[in-house]
Amino acid sequence: MKRKGLLLAGFSALLVLLTGCNSLAVLNPKGPVAKTQSEVIIFSMIVMALILLVVYVLYVVIISKYRASKAAPDYEPPHEEGNWLLEMIWIVIPIIIVTVLSVVTVRSTSAVEKVPAGYEDQKPLVIYASSSDWKWHFSYPEEGIETVNYVNIPVNRPVEFRLYSFSAITSFWVPQLGGQKYAMSDMVNTLNLVAEHQGSFVGKNSNFSGKGFSQMEFEVLAMSDKEYAEWIKDVKNTASELTEEEFNTLLETNFVGRKTYTSTHLDFRPAPEGENAGHDHGGSTDSESNSDSEMDHSEMDHSNMDMDHSTDNTTNGN
Amino acid sequence: MKWDEFFVTGEPMIYGAMASIVLASLAIVVGLTYFKKWGYLWREWLTTVDHKKIGIMYIIAALLMLFRGGMDGLLMRAQLAVPENGLLDAQHYNEIFTTHGLIMILFMAMPFVIGLMNVVVPLQIGARDVAFPRLNAVSFWLFFAGAMLLNISFVIGGSPDAGWTAYFPLASIELSPTVGNNYYSIALQIAGIGTLLTSVNFLVTILKMRAPGMKLMRMPMFTWSVLITNVIILFAFPVLTVSLALMMFDRMFGAQFFTMANGGMDMLWANLFWVWGHPEVYIVILPAFGIYSEIISTFSRKNLYGYKSMVYSMVVISLLSFLVWAHHFYTMGHGVTVNGFFSISTMAIAVPTGVKIFNWLFTLRKGKIEFTTPMLYSLAFIPIFTIGGVTGVMLAMASADYQYHNTMFLVAHFHYVLIPGTVFAVLAGFYYWFPKMFGFRLNDRQGKRAFWLIAVSFNVTFLPLFFLGLKGMTRRTYTYSAETGFGPLNMIASIGAIGLALGFVYLVYNIYWSFRYAKRDTTNDPWDARTLEWSIPSPVPEYNFALIPKVNGLDPFWESKKTGQPLTEGEYEEIHMPNNSGQPFILGMIFMAFGFCMVFSWWVPSIIFGIGIVIMLAVRSFERDHGRHISVKEIRETEQRLRGEQS
């Protein structure tokens with residue numbers, strides 16, 4: 001009864017999996033990063049299903065064959081110390097499987113950390129995504145605009161999200177475009193994503209950050225280059241400037257809905273990278289972004305930034 | 001401080017909890033007075049230094065906490081059953097999932113395991129007691145003090161609400177200004193000291209007090225698993241101690257270890273937490289492996305297959321458990337090399353774990369399998385835990401983990417590991433060793449019904465969560481909209497949770513029924529088992545072994561039954577036993593009062609109680625208590641009474 005139930009559960013699970021891929025956001029990728037990840041996941045599922053199969057077949061055969069009710073009344077089970085060869089088999093085969101999985105893991109991890117293959121020659125669109133209680137701020141330093149709780153991106157162009165937080169640790173996650181990364185207050189994390197399909201995707205914070213955590217969702221709208229350019233133009237014509245005062249009010253308000261501005265908070269509140277970083281993690285991505293951040297700094301010198309922060313940072317190099 | 005800051009107000013459910021706490025306490029006090037049981041309670045339980053009684057107290061506390069944590073789980077499932085549910089508000093929900101995790105891991109799984117280990121290990125190695133009986137009582141009362149502190153937090157001051165991982169800066173005084181996370185740092189600290197003392201106690205017990213002839217490689221597998229577990233505790237818990245102390249400095253004394261400004265490093269907390277937290281997972285899972293080994297071997301009437309590789313695989317797991325902590329935050333951005341290292345070390349754990357699974361299967365092969373309740377739990381463990389194991393390997397792959405991290409997929413995985421791994425194991429062990437503790441068996445038919453309800457409901461509850469994770473549902477979400485499409489699967493999971501709850505209620509009914517009606521007719525050895533604990537009367541007399549057995553190999557009791565060679569020889573001699581003492585209990589209570597005042601930063605009473613602790617330790621160090629001797633006559637009478645009944 002038990003075994004049948006389990007087999008049935010396993011089978012129906014597989015069925016749901018195979019037929020329902022479209023409803024499983026993670027296995028319904030709309031960009032190369034999520035695609036790599038979904039391929040890794042499906043590959044690992046197949047390998048794991050094979051392992052489960054071996055264990056389950058052995059289990060079912062053994063349990064049904066050696067039950068006491070089937071054994072002769074005088075049957076006395078043998079004394080078995082073990083078997084060198086058999087034990088070697090179930091040590092060596094798992095080692096081989098783990099080795100294969102390790103290679104797949106390291107390769108795919110390295111792939112999803114970089115700008116996706118085929119997009120290396122394009123200059124990525126840099127967007128700073130910072131979180132505060134409980135909202136997401138998206139600053140476009142190139143375009144000089146900033147949005148809150150939604151982000152528009154052009155399709156087929158690499159986007160470099162630079163993540164940090166004004167408050168608790170959050171995790172920036174757009175399941176259909178690619179896996180998540182943490183946004184923390186003392187460093188900037190980089191996440192390279194590309195959308196290959198137009199459309200609206202759910203993005204969210206997936207790391208618990210307090211009371212408003214469940215509401216920390218944002219929309220990622222992937223649009224054509226033309227639409228994107230029009231949107232930028234539109235914003236510049238209609239939206240207002242983000243003043244420091246306005247930004248501080250934003251930070252203090254828990255939920256603000258969508259907002260759009262024609263300047264970014266990076267001017268008066270620079271991201272914790274380069275000389276503003278709390279400490280240096282020595283990540284390889286830092287060097288790539290140096291040129292951009294240097295430019296930011298020269299602008300920033302005149303701004304009245306949070307003095308406490310900068311002095312503290314210089315005394316705490318790491 | 002105002003009263004409404006001291007007591008949590010404004011929540012009907014919390015008022016209900018307050019009322020029930022007051023009523024339950026009153027009922028206990030009135031009941032004890034009415035039945036004139038205060039003296040009995042004090043003499044037999046509160047002051048006991050007997051490892052078996054301490055073990056039973058651990059198990060009772062763990063069962064109570066199972067229901068406390070289970071209520072939390074039910075409330076969470078109730079809240080998530082339908083989209084946009086307003087049953088709980090965010091704050092209440094956050095407190096509930098935080099305490100659910102803390103209680104289930106630290107105040108249910110660990111004490112249950114420690115309880116079984118207290119009851120069984122000295123018996124399995126042929127010892128009269130643990131190495132430091134009174135220290136053992138201190139351990140229990142410190143655990144108890146910590147558990148009570150965390151439990152009262154719900155009505156007094158507010159519970160911790162930053163997740164059981166208490167990540168900074170969320171858990172810092174700036175972002176969590178209530179006393180909730182003070183409770184976290186103090187309650188866990190006190191209970192953690194108790195655990196650390198247990199570890200030292202059992203390491204010494206196992207290494208120094210084995211019966212003559214019981215070499216390390218002749219120890220029963222449960223004892224082996226406990227030995228390795230205690231080594232892990234000895235190395236892991238000091239990390240917890242230090243991190244909780246740093247947390248306390250941050251929250252109460254204005255230090256800046258984990259803050260957002262002034263050079264604090266939030267991820268340092270995460271690293272320290274998981275340097276303790278990942279080995280902690282193996283602290284609750286390795287003894288489970290030991291329990292299953294005993295039960296599977298007993299009920300297939302075979303010796304354990306591949307004993308040596310079982311031992312080595314546990315040693316390898318214990319070493320690897322310290323090398324994998326960063327897989328809890330691959331997404332922190334530490335690059336391909338670090339993530340690669342932790343991926344590989346994590347996946348490597350699957351190898352020794354697989355060895356164990358196959359060894360169990362081959363123990364069953366050619367056996368004579370009897371489907372008793374403990375055996376059913378052990379058999380169900382294999383297929384369900386394997387799902388937990390393989391999803392663990394999937395999670396270990398860093399690139400894929402970027403998608404699973406912090407989702408329901410992870411929640412499903414660790415429940416698939418911890419429930420069949422630890423909960424089934426402690427229940428199996430409870431049913432298996434129950435006759436040794438109380439002298440009779442729990443009703444098997446009821447036990448099996450409870451088992452089926454629990455095992456089936458478990459899968460209904462947690463299987464849907466894998467798919468919810470892949471759909472993008474994050475853990476710790478307190479509500480979701482209908483458009484997300486998370487509704488139906490959540491509803492299935494919630495229905496499963498009700499079944500799970502009913503299963504546990506039925507299990508308690510099973511215990512209650514058996515205490516009232518089950519036949520007290522069992523022999524020493526109701527299961528026809530293999531290890532030394534079954535060679536002595538049930539319930540076990542205070543001194544365990546009237547004569548210390550001599551061990552010539554593995555499964556000495558089995559060999560003796562088969563060959564007819566007696567385990568013991570010689571005449572009874574006087575047995576030296578420790579005296580009962582009220583000090584451990586009093587020390588625990590002072591610790592609790594000290595902790596409570598610390599939580600609220602009431603410094604003067606804190607200092608007074610702190611001095612009280614020092615005085616208690618000083619009193620003990622000047623005390624001359626050489627214990628007492630049990631006379632040969634008394635031993636003979638006890639043995640005749642206990643052994644006479646069964647023939």
Side-chain angles (χ1 to χ4, degrees), chain A residues 6 9 13 16 23-27 37 40-41 44 48 51-52 55-56 58-59 62 66-68 71 75 77-80 82 87 90-91 94-95 98 101-102 105-106 108-110 112-113 168-169 171 175 179-182 184-185 189 204 206-211 214 283-284 309 312 316, chain B residues 90-91 163 167 169-170 175 260-263 266 301-303 305-306 309 331-333 335-336 339-340 343-344 347-348 350-351 354-355 357-358 361 364-370 382-383 386 390 394 397-400 402-403 405-407 456 459 463 467 470-472 474 476-479 485:
Chain A
L6 270 167
V16 171
S23 74
L24 299 175
V26 166
L27 301 182
Q37 284 161 337
V40 171
I41 289 172
S44 68
M48 294 306 133
I51 295 171
L52 277 183
V55 172
Y56 281 21
L58 262 177
Y59 178 80
I62 288 171
Y66 299 102
R67 22 190 350 129
Y75 173 65
H79 180 90
E80 289 182 309
E87 285 172 61
W90 60 63
I91 292 173
I95 287 180
V98 165
L101 292 176
S102 299
T105 304
V106 173
S108 58
T109 307
S110 152
V112 299
E113 288 284 351
I169 298 173
S171 194
Q180 62 200 288
K181 260 202 189 147
Y182 279 178
M184 294 162 283
S185 61
N189 239 340
K204 59 182 86 185
S206 72
N207 193 60
F208 176 64
S209 63
K211 243 183 216 172
S214 304
S284 56
H309 216 79
D312 291 329
N316 293 289
Chain B
Q91 177 61 28
Y167 272 17
L170 182 62
L175 297 180
M260 285 187 279
N262 300 320
D266 41 12
R301 299 179 64 81
K302 274 184 75 200
N303 63 316
Y305 193 90
S309 58
T331 55
M332 170 189 164
V336 182
N339 280 351
S343 287
I344 294 167
M347 284 190 275
V351 178
V355 169
I357 296 273
F358 283 108
L361 286 173
L364 290 164
R365 197 178 72 117
K366 295 188 187 166
K368 206 172 175 183
I369 305 168
E370 270 181 283
I382 294 175
T386 311
V390 295
M394 289 165 68
M397 303 173 76
S399 55
Y402 292 172
Q403 290 282 24
H405 186 64
N406 273 332
T407 67
V456 172
N459 285 294
L463 200 66
F467 300 100
L470 294 176
K471 276 166 99 69
T474 49
R476 295 167 174 170
T477 300
Y478 99 98
T479 187

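Letters A, B, ... mirror the listed sequences (proteins, then strands); counts begin at 1.
- Listed here is the closest heavy atom pair of B:M260 and A:S185: CG-OG, 3.4 Å.
- With rounding to the nearest 0.5 angstrom, the CD atom of A:Q180 is 7.5 Å from the CD atom of B:Q403.
- With a threshold of 4.5 angstrom between heavy atoms, B:Y167 approaches chain A through side-chain atoms but not through N, CA, C or O.
- A:L52 is listed as a side-chain neighbour of B:T386, based on a closest heavy-atom distance under 4.5 Å.
- Among A:L101, A:V112, A:V106, A:I91, the residue making the largest number of heavy-atom pairs under 4.5 Å with chain B is A:L101.
- Listed options B:G367, B:S309, B:A400 were ranked by heavy-atom pairs under 4.5 angstrom with chain A; first place goes to B:G367.
- A:K204 is not listed as a side-chain neighbour of B:T477, based on a closest heavy-atom distance of 4.5 Å or more.
- The most heavy-atom pairs under 4.5 Å with chain B, out of A:S110, A:S108, A:G82, come from A:G82.
- Side-chain contact between A:E113 and B:Y402 is present, with heavy atoms from C-beta onward closer than 4.5 Å.
- If you measure heavy-atom distances from A:S206 to chain B, the contacts under 4.5 Å come from both the backbone and the side chain.
- The residue among B:I369, B:I382, B:N339, B:L364 with the most heavy atom pairs within less than 4.5 Å of chain A is B:I369.
- In this structure, CG on A:L58 lies 5.5 Å from CG on B:L361, to the nearest 0.5 angstrom.
- If you measure heavy-atom distances from B:L175 to chain A, the contacts under 4.5 Å come from the side chain alone.
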Can you check side-chain contact (heavy atoms from CB on, under 4.5 Å) on B:N406 and A:F208, steps first, answer last? CA-CA 8 Å; B:N406 273 332; A:F208 176 64; over 6 Å; no
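- Chain A forms the most heavy-atom pairs under 4.5 Å with one residue out of B:G472, B:A348, B:G485, and that residue is B:G472.
- Using a 4.5 Å cut-off between heavy atoms, A:E80 touches chain B through backbone and side chain atoms alike.
- Distance NE2/B:H405 to OH/A:Y182: 2.5 Å, rounded to 0.5 Å.
- Heavy atoms closer than 4.5 Å to chain A are found in the side chain of B:S343, but not in its backbone.
- Side-chain N or O atoms of A:K181 include none that pairs as donor or acceptor with a backbone N or O of B:G333 at under 3.5 Å.
- Contacts of A:N207 with chain B are made by both backbone and side-chain atoms, with heavy-atom separations under 4.5 Å.
- With rounding to the nearest 0.5 Å, the separation of OG1 in A:T105 from CD1 in B:I344 is 7.5 Å.
- Heavy-atom distances place the side chain of B:I357, and not its backbone, under 4.5 Å from chain A.
- Of the atoms belonging to A:I51, it is side-chain heavy atoms, and not backbone ones, that fall under 4.5 Å from chain B.
- Heavy-atom minimum distance, B:D266 versus A:M184: OD2-CB, 3.9 Å.
- When every heavy atom of A:P78 is checked against every heavy atom of B:N303, the shortest pair comes out as O-OD1, 4.2 Å.
- Both the backbone and the side chain of A:V55 come within contact range of chain B, with heavy atoms under 4.5 Å apart.
- Residues meeting the side chain to side chain donor-acceptor pair (under 3.5 Å) test with A:Y66, sequence neighbours left out: none.
- Comparing B:M397, B:E370, B:M394 by heavy-atom pairs within less than 4.5 Å of chain A, the highest count is held by B:M397.
- Considering only residues two or more places apart in sequence or on other chains, B:Y478 meets the ring-ring contact (aromatic ring centres under 6.0 Å, His included) condition with none of them.
- The shortest distance between side-chain heavy atoms of A:E87 and B:F358 does not fall below 4.5 Å.
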